[in-house]
Visitor: 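One structure, as structure tokens, below. Some questions next.
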Amino acid sequence: MTTFLYGYVSELTMSDVYSPPDRVVVESHCKGMDEYKKMYDESIKQPHKFWGNIAEQFFWKTPVPDDLSEFMKYNFNVSESPIKIEWMCGAQTNICYNALDRNVEAGLGDKIAFYWVGNDPADKGQITYRELLAEVCKFSNVLVNLGVKKGDRVAIYMPMVTELVVAMLACARIGAVHSIVFGGYSADSLATRILDAGARVLVTADGVYRGTKLIKLLQIATAAMEKAAEQGQEVSHHICVSHLPRLVNPGTEEAMQEHTASIESGWKTGRDNWWHELMRDALPDHTPEWVDSEDPLFMLYTSGSTGKPKGVLHSTAGYMLYTATTFKHSFDHQPETDVYWCTADIGWITGHSYVTYGPLLNSATSVLFEGTPFYPDHRRCWEIISEYKVSKFYTAPTAIRSLMKFGSDQTKPYDLSSLKVLGTVGEPINPEAWQWYHSVVGQGQCSITDTYWQTETGGHIITPLPGATHTKPGSACFPFFGVVPEILDEEGKVIEGEGEGYIVFKQPWPGMMRTVYGDHERFEKTYFSKFPGYYMSGDGAKRDKDGYIWITGRIDDMLNCSGHLMSTAQIESVLVEHSLVAEAAVVPIPHLIKGEALYCFVTMIDGEVYTKEIRDQLKTMIREKIAPFATPDYIQEAPGLPKTRSGKIMRRVLKKIANDETDLGDISTMADSTVVEVLFSKRQEMLDSK
Ligand code: WT7
């Protein structure tokens, strides 16, 4: 079974408990464990009552059913295939209407929806609920005019600008399915996703600065459109936001030249349009398309263990209730006073659920940040928190660990007293980082909420509640409302009480995924086949004597590098595309900042010599075919790989070699154990030459 990252969870830290601070408890929506238990029980035993009450706060064109049999229908048992998850069938609504129109009609039109904070501190803006609605209505008309209809897929490849929120909400408003691709992905990755989704419309921006680096989004998108077209998927309409010219410091000449150059080089009249030109001519009013509860809202790709990314499909009404409710409770959102800031990019699920949908459904005021925590320097977050009086802050363990390097005095010059809740997400947080977050950023006055979830789960599934849970550093604590976790052993036997195993879920919650786009069989196989009757997350977990849940990390062939989930197979398939590489195996190794880093073993084809040039070529291939964030830290030559007699690569052994652990455990099934010694010496060779 997997151990904790770095193996740092001692019995001592497992018994540290932090009570919620009074200043959080007094205003909390759920003030203690008794209240949590009462609400939790209702959510499990009477889901239709629990979620039905919540549904009443939203607008339904056709009301939600009130009996349980219609409210929640599901089959988690593969032997009675198909796997099915349906919530509130028969009801009709529109999530964009609930996020915008409903708030404006309630008198919140002038409330700020987003403070936009640019990469350069000089760039800033803000947009109210009324203004956001007006933009969304116009862009809905733009899409309709281009022939986009309910159910069509729209690909979006954009930086963190308000137009990204406008584009996704406009898709939701007209019933189109958005497929957002993170702006750090390469042209190949974008092309694959355009192809798989069958998207004919693409929304982009000319470019963006990340720190001092200019990311040429339009150039990448143009290449991606070409690649997709070569494979038969023609983008017929591409809409590009002209972002660089409006920056206060557009990085000046280079950016402006880039802006003009990319237009001149690949721009195709007819296909390519400027956002502002289409918006200028668009009509201001738009009536939302009323959609069924189970109509798809969006798809978002996540890594799959076979290497091919999976288009995780989410539907409308359940996702709406779930993101709204998790946002309200996990961050204890106070609509009158809170300023909320989630640092995640909208290109990931965290941005979908907790930058856009969750906050807007709760009429929140948020910071929308284009930049990075390290530009102009590592004080950027503290500056933003004190300037906007952020009260709820949500970021990733990898960011916390990189900031820790700058010492505990860095926050001193800033007034961070507005902070009340500090959230983390993306990977297990080590207790040391948790404690630093609590004492240095939160000054001992905040609740920490370690939210465990996945692209597939739509929203938090195991998480503390800031005013109720007595937290333990490194534990995601207890299930959210509606979520029923179990821990299973390898044979699928339920582990009661203390123990460690696979974390699985027994019944659906409203926000979970419905299928893999275009491949329901893969959905069933990936998540429901190993343990019939359960949704399997792919993560390991431990339950301690007090019932706290500790996520231990992936137990499948996935690795999590700075919160980016990747499959080893996906990296391996790029490595073997090199004409001189015969075979490759990739394993994660612990990394102090990134959590995990990639360690690759490559076997050259017979007679070829592994060189530094080949290593650099392999790194470039990964950057170009996947993304820069997937670049490996180590690539070592492997004249042979440890395999079982049936030819299966023994990754468990490779992991040990990568970590220089000589105790390899049981290797009796290995076909040729002489490779091990060679691998250890090649490892040393690689380190010596670095
Ligand atoms: C995987 C999902 C959920 C949004 C960001 C990542 C790991 C996520 C935690 C946490 C321990 C965590 C899991 C999970 N993970 N949050 N709080 N504690 N592990 O979304 O790319 O779908 O990755 O991230 O391994 O399965 P994702």
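Ligands are counted one by one from 1 in listed order, and the atoms in each one are counted from 1 as well.
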Visitor: Can you see which heavy atom on Cys381 is nearest to which on Phe393, and at what distance?
Guide: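 Shortest heavy-atom contact: SG-CZ, 4.2 Å.
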
Visitor: Starting from atom 6 (C) of ligand 1, find the nearest protein heavy-atom neighbour and note its residue, name and distance.
Guide: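 Protein heavy atom at minimum distance: Gly426 CA, 4.3 Å.
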
Visitor: How far is atom 21 (O) of ligand 1 from the closest protein heavy atom, and which atom is that?
Guide: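 Minimum-distance protein heavy atom for atom 21 (O) of ligand 1 reads Leu565 CB, 3.6 Å.
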
Visitor: I need the minimum non-hydrogen distance between Gly499 and Ile495, along with the two atoms involved.
Guide: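 Where Gly499 meets Ile495 most closely, the heavy atoms are CA-CG2, 3.9 Å.
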
Visitor: Counting only heavy atoms from other residues, nucleotides and ligands, does the tally under 6.0 Å from CD of Glu524 exceed 12?
Guide: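 For Glu524, atom CD is crowded (more than 12 foreign heavy atoms under 6.0 Å).
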
Visitor: Please list the nearest protein heavy atom to atom 11 (C) of ligand 1 with its residue and the distance rounded to 0.1 Å.
Guide: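 The protein heavy atom lying closest is Pro428 N, 3.1 Å.
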
Visitor: Between ligand 1 and Asp450, is the shortest N or O to N or O distance under 3.5 Å?
Guide: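 Such a contact does occur with ligand 1.
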
Visitor: Do Cys477 and Thr471 touch side chain to side chain, with heavy atoms closer than 4.5 Å?
Guide: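 SC-SC contact between Cys477 and Thr471 confirmed.
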
Visitor: Heavy-atom distances under 4.0 Å are what count here, so tell me which part of Asp539 touches ligand 1: side chain, backbone, both or neither.
Guide: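 Just the side chain.
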
Visitor: Report the part of Asn560 in contact with ligand 1, treating N, CA, C, O as backbone and CB onward as side chain, heavy atoms under 4.0 Å; options are side chain, backbone, both, neither.
Guide: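 The part of Asn560 near ligand 1 is the side chain, not the backbone.
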
Visitor: For Phe478 and Tyr548, take the angle between the two ring planes, folded into 0 to 90°, and tell me which bin it lands in: parallel under 30, tilted 30 to 60, perpendicular over 60.
Guide: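 The rings of Phe478 and Tyr548 sit tilted, inter-plane angle from 30° to 60°.
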
Visitor: Quick test: of every protein heavy atom, which one is nearest to atom 27 (P) of ligand 1, and how far off is it to 0.1 Å?
Guide: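 The closest one turns out to be Thr455 OG1, 3.5 Å.
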
Visitor: To check you understand the geometry: which heavy-atom pair defines the closest contact between Pro628 and Arg623, and what is its length?
Guide: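 Closest approach of Pro628 to Arg623, heavy atoms only: CA-CG, 3.6 Å.
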
Visitor: I want to confirm something. Looking only at heavy atoms, which of Glu427, His352, His460 is nearest to atom 9 (C) of ligand 1?
Guide: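 Nearest option to atom 9 (C) of ligand 1, by heavy atoms: Glu427.
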
Visitor: So which heavy atom in the protein is nearest atom 3 (C) of ligand 1, and how far is it from that ligand atom?
Guide: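 Going by distance alone, atom 3 (C) of ligand 1 is nearest to Trp453 O, 3.2 Å.
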
Visitor: For ligand 1, which atoms, with element, lie under 4.0 Å from some heavy atom of Ile551?
Guide: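 Near Ile551, the atoms of ligand 1 are 11 (C), 19 (N).
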
Visitor: Under 3.5 Å, N or O to N or O, is Arg554 touching ligand 1 that way?
Guide: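 Yes; at least one N/O pair falls below 3.5 Å.
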
Visitor: Would you call the rings of Tyr340 and Tyr394 parallel, tilted or perpendicular, where under 30° means parallel and over 60° means perpendicular?
Guide: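 Judged by the thresholds at 30° and 60°, the geometry between Tyr340 and Tyr394 is tilted.
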
Visitor: Is it true that the side chains of Tyr319 and Ser353 contain a donor and an acceptor less than 3.5 Å apart?
Guide: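 Looking only at side-chain atoms, Ser353 and Tyr319 do form a donor-acceptor pair, the distance falling under 3.5 Å.
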
Visitor: How close does the nearest protein non-hydrogen atom get to atom 4 (C) of ligand 1, and which residue and atom is it?
Guide: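 Residue, atom and distance for the closest contact: Thr350 OG1, 3.2 Å.
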
